[in-house]
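This report refers to the structure that appears directly beneath it.
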Amino acid sequence: MEIEFIPIDYDYFDFNGGNYVRMIGRDGRGRRVCVIDSYEANFWLILEDGADASKIVKKVMKVEVTKASRTSKVLKCVIADKKYLGKDVKAIRVFVTNHKDAHEIASEIGDMKGIFKRREYDIPLITKYIKEKGASPLQCLHVKAERVTDNRLQVTEDMDCYIAEEIKPIGNRKQGIGNKEFVPKVLTYDIETSDVEIGKSEILMISLYGELGNKDEGIGNRSKDGEIFEKVLTWKKSEGAGDYVEFCEDEAEMLEKFVEYVNEYSPDILTGYFSDGFDLPYLKARADINGVKLAIGIDSKGPSFTRGRIPSGKFCGIVHVDMYRFVDAVFSQYLQSETLSLNEVAKELVGESKEDFDFAKLSNMKNSDWNDFFSYNVHDSRVAYKLFEKIWPDILEFTKIVKEPLFDVSRDRMSTHVENYILHNLDRFNEIAEKRPSYNEIRERKSMGKYEGAFVFEPVPGLYDDLVMFDFTSMYASVIISYNLSKSTLNEDGETFNEKAGFFPTMLGEVVETRKKYKKEYVANPSGMLKARSNAYKLLANAAYGYQGFFGARYYCREAAAATARLAKENILSAIDKIEKGGYKIIYSDTDSICLLQGEKSRKEVLGMLKKINDELPGIMELDLEDFYPRGLFVLKRGGVGGAKKKYALIDENGKVKIRGFETVRRDWCALTRDLQSKILTDILKDGNEKGALVKFKEVVKKLKGREVEISDLMIRTQLRQALSDYVSEGPHVAAAKKMEARGIPVSVGMLVEYYIGEGSGKRIGDRVYLVGDKVKYDVDYYLKNQVLPAVENIFEVFGIDVSAVADGEVQKKLF
DNA sequence: GTTAAGTCCATACC
DNA sequence: ACAGGTATGGACTTAAC
C-alpha cells in the first residue's frame with residue numbers, strides 16, 4: 001500500500017543482523033504511525049592515485065570483525081568516481097552488516113596498500129539514513145509500504161506500523177500534506193520542589209498544559225475545537241483550589257498520574273523550559289526513589305539521558321524538547337533579555353510574565369498559599385506553551401533546513417547546524433564527507449594562537465549632527481563566497497585560494513540567495529513561517545565564518561577564517577578611503593559598519609556615493625544604507641586617552657534612541673546608574689545640549705546623598721561563571737556568593753549573584769558586599785564614585801563639564 | 001604602607 | 001567543547017619603592 005508520512009522522531013535497532021530505522025510520525029489522516037526501513041550501513045575508502053581498485057576490493061571483502069556477540073562483515077563493495085575536498089578521487093563504498101562496527105572495520109582495513117583515507121564511518125546512523133534515503137524530518141514523504149504486526153520488529157500494538165519498500169519526498173517544500181500544515185500536538189510541563197538540588201526534596205506538584213487545535217487547522221493536532229487541557233497534580237492538601245488541581249495520595253501516585261496523563265494526551269512533543277537540566281532529571285530521580293516507572297512514550301520505557309554538558313532527556317516516539325536549549329543556542333544573541341529565564345524570555349517573546357510567588361513562604365504554607373502556588377505552577381506551563389507556539393516556526397524551519405531529527409535540532413549549537421547542513425547537501429557535489437577531528441587534532445587547533453580579526457575605527461568624541469550609517473550585508477559570508485575561502489579551495493601554499501568554486505562557498509552562496517528569496521517573499525506577504533525560514537537561513541549564513549574557525553569542525557580551516565577576517569578588513573578600509581575621498585568625514589566603524597557625517601551633502605549625493613562604492617566591490621559583497629541619524633554621541637575612554645570604541649548613542653528620525661556599549665546596556669551595573677545614564681543620553685540626543693541632562697544628574701546625586709534611593713535600584717547583578725573554588729581573584733560577586741553559601745542559600749555556576757555595597761571598613765569592596773534584605777546602609781561614597789560618576793563623567797566631558805565638581809557642589813549645598 | 005602596573009573577570013559589539 | 005576576534009572597564013593582586 002501507499003501512504004503519506006511525516007517523520008517526527010527517529011531511532012534504530014538491529015534485527016536479523018542488520019540495521020533498521022524506525023520513524024514515528026503522522027500519516028495523511030493525521031494518525032500517529034510508525035514506519036520501519038532497512039538501512040545498508042556503509043562507509044568510504046578513498047584510494048591513492050593509480051591504486052588498483054578491484055584488487056583492494058578483493059582484500060576488503062575478506063575483512064571481518066568480531067566484537068562481543070556480533071560478527072560484522074563486509075557485504076559488498078562499489079567502486080565509484082567521487083570528490084573529496086573538491087578533488088576527483090577513485091573511491092570504494094564499503095557496505096557492512098552493522099553500522100556500529102563500521103569504524104572498526106575501517107580501522108581493520110586501515111593499513112592496506114593503496115588506501116588514502118577512510119571516511120563517513122563516523123557519521124551517526126540516522127544522519128546517514130536521512131541523507132541517503134531522503135527521509136527528511138517534518139516533511140511529507142510518499143511511502144510504499146507493507147503493514148506489519150511482527151513484534152520482533154519492536155512494533156507497538158496501538159499504532160499502525162509499516163515496513164517501507166520505497167520512500168520518496170513529496171518535495172516542493174510543502175509544509176505538510178496537501179495544503180495543510182503539520183501542527184504538532186504539544187504538551188508542556190513544569191514541576192515545583194522545595195529544594196533545587198536534583199532529587200533532594202519531594203516534588204510538590206506537577207503542572208501540564210496543552211491546547212487541542214481545531215481539526216481544520218492542519219495535520220496532527222486534531223480534536224474538538226479549541227479544547228484546553230490544564231492540570232496540576234499534587235499530594236499537598238488544600239481547600240478551594242481550582243478545578244484544574246487534582247489531589248493525590250502521595251508523591252508516588254502523583255508521578256503515576258503524570259505518566260498516565262502524558263500517555264493519554266499522547267503528544268508529538270513534550271516540552272518544558274530547562275526541563276533537560278531540571279524537571280525531567282528531577283522526575284526521574286523521584287520516580288526511582290518511589291519505585292515508579294516513568295513509562296512514557298511508545299516503548300513504555302522511561303527517559304534515557306544522553307551524555308553532555310547538560311544531559312538530554314529522550315523518550316521514544318514523543319519528542320522531548322527543552323526550549324531553553326534552543327533559545328540558548330540559536331536565539332539568545334538576538335534577544336534583549338539579560339537572562340534566559342523563562343520569565344524574561346517569555347516576556348520579551350510573547351509578552352507574558354510568570355505569576356508572583358514568594359518562595360520564602362515555602363517553609364510555612366497556609367491553605368491559600370498552596371492555592372496560589374498551584375496557580376503559579378499551572379501558569380508556568382501555560383506561559384511555556386505560549387512560548388513554544390512562538391518559537392515553533394523557528395524550530396520547525398531549522399529542522400527542515402538542517403534535516404536532522406527535531407530532538408537534535410532543538411538542542412544543537414550553531415556550529416552543529418552548519419555542519420549538518422553541509423553533510424546533508426554534500427551529495428549534490430558528489431563529495432565524500434570529511435571526518436571529525438580527533439582529540440589530538442582538536443588540541444592542536446586550540447593551541448594555535450588567535451588570528452587578526454576585525455577593524456574598529458577610533459572615534460573622535462563629540463556630539464554630531466546628521467550621521468549616516470552604512471553596513472555590509474552578511475559581510476563575512478559574502479567575503480567567503482566572493483573570495484572562495486574554504487578548506488577545499490585552499491591552495492597547497494597554505495595561503496591563497498583556488499579560483500574554482502568550492503562546495504563550501506557555493507553552498508553558502510545558496511544559503512544567502514535562499515535567504516534573500518524568502519525575505520522578499522516575507523516582505524511581500526508576511527507570515528510567521530516565512531519570517532522563521534528567512535531568519536534560519538540568515539543565522540546559518542552568519543555562523544559559517546565562525547564554523548571554519550571552530551576547532552571542532554569537520555571543515556575547520558584556520559587559513560580560510562583568517563583570510564575572511566583580513567579581506568573583510570581590506571574591503572571596509574578601502575570603502576572608508578573612498579568615502580573620505582568623496583569629501584565626507586568618518587566618525588566610526590566597527591567590523592562591517594561605517595558611520596559618516598552627511599555634512600553639506602544631500603541624501604541623493606550620499607546614495608550616489610554609496611552606489612559608486614558598490615559598483616567596485618568584489619563578488620556579491622554589498623554595502624547598504626542602514627539609516628540616517630539626526631544626532632549621535634561618542635565619548636572618550638575612561639582613562640581619557642582616545643575615543644572609546646564600541647560605545648555610542650544615536651537617535652533616528654523617529655526619535656528612537658540606539659545605545660551601544662554604555663553602562664545602560666550592561667547588566668552588571670545597578671539600575672540607578674543605568675536609568676540615569678539612559679535618561680542623560682536620551683536628553684542630550686533629543687535636546688542637542690546637556691542642560692536638561694545636568695538637572696537630572698543633580699537630582700540623582702541629591703537623592704543618593706539623602707539616602708532616598710531604594711536598595712532595589714542599587715543591587716548589582718553579576719554572573720558566577722565558574723565554581724567558587726576556581727576563582728583566582730575574589731571579586732565582589734564571588735564574595736557575595738560566598739556569603740550566600742554561608743547562609744545556606746544555594747549557589748551554582750551560571751547563576752546571577754545579586755548584592756549591594758554597604759558601609760564598612762573593609763579594604764576591598766568585596767568586604768562590604770551585602771545581600772537583599774540586609775539591614776546595612778548603602779555606601780553613598782561607593783555609589784557616587786564607583787557607579788554614578790564613572791557612568792556620566794565622559795558624557796558631560798564632551799561638553800567640557802567636570803561633573804565630579806558638580807557633584808561636590810551638590811554636597812556642599814546640602815551641608816550648608 | 002602606598003601606588004602603579006599587571007592580571008582577572010564580566011560583559012558588550014559586531 | 002559545542003562559531004570567531006575586538007574592546008571597555010572594574011576590582012583584585014602583586015611588584016616596587
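Order of the sequence lines sets the chain letters (A, B, ...), proteins ahead of strands, with each chain counted from 1.
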Have a look at [X] and say if it touches a base, only the backbone sugar-phosphate, or nothing, with a 4.0 Å heavy-atom cut-off.
| X | result |
| --- | --- |
| A/Y782 | sugar-phosphate |
| A/Y727 | sugar-phosphate |
| A/R721 | base |
| A/F457 | nothing |
| A/Y451 | sugar-phosphate |
| A/N786 | sugar-phosphate |
| A/T718 | sugar-phosphate |
| A/A565 | nothing |

Select from A/A454 and A/I310 the residue whose nearest nucleotide in DNA chain C is closer to the 5' end of that strand.
-> A/I310
Step through the shown structure and confirm whether more than 12 heavy atoms of other residues, nucleotides or ligands are within 6.0 Å of NZ on A/K658.
-> yes
More than 12 foreign heavy atoms under 6.0 Å from OH of A/Y439: is that the case here?
-> no
Between B/dA12 (P) and A/D668 (CG): distance, integer Å |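 Whole-Å distance recorded here is 7 Å.
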Can you tell me the distance, in whole Å, between the CH2 atom of A/W669 and the C1' atom of C/dA11?
-> 11 Å
Just N and O in the side chain of [X]: are any of them under 4.0 Å from OP1 or OP2 of [N]?
| X | N | value |
| --- | --- | --- |
| A/Y588 | B/dC14 | no |
| A/Q548 | C/dA3 | no |
| A/S729 | C/dC12 | no |
| A/H733 | B/dA10 | yes |
| A/R666 | C/dG10 | no |
| A/K647 | C/dG9 | yes |
| A/R764 | C/dA11 | no |
| A/R638 | C/dG9 | no |

Does any non-hydrogen side-chain atom of A/K738 lie less than 4.5 Å from one of A/H733?
-> no
Is any side-chain N or O of A/Q333 under 3.5 Å from a base N or O of C/dA3, one able to act as donor and the other as acceptor?
->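 Flag set: donor-acceptor pair detected.
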Say you draw a straight line from CE of A/M715 to CD1 of A/I757; how long is it, rounded to the nearest 0.5 Å?
->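 The distance works out to 9.5 Å.
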May I ask you to decide whether A/E338 forms a salt bridge with A/R674, counting only side-chain N to carboxylate O separations under 4.0 Å?
-> yes
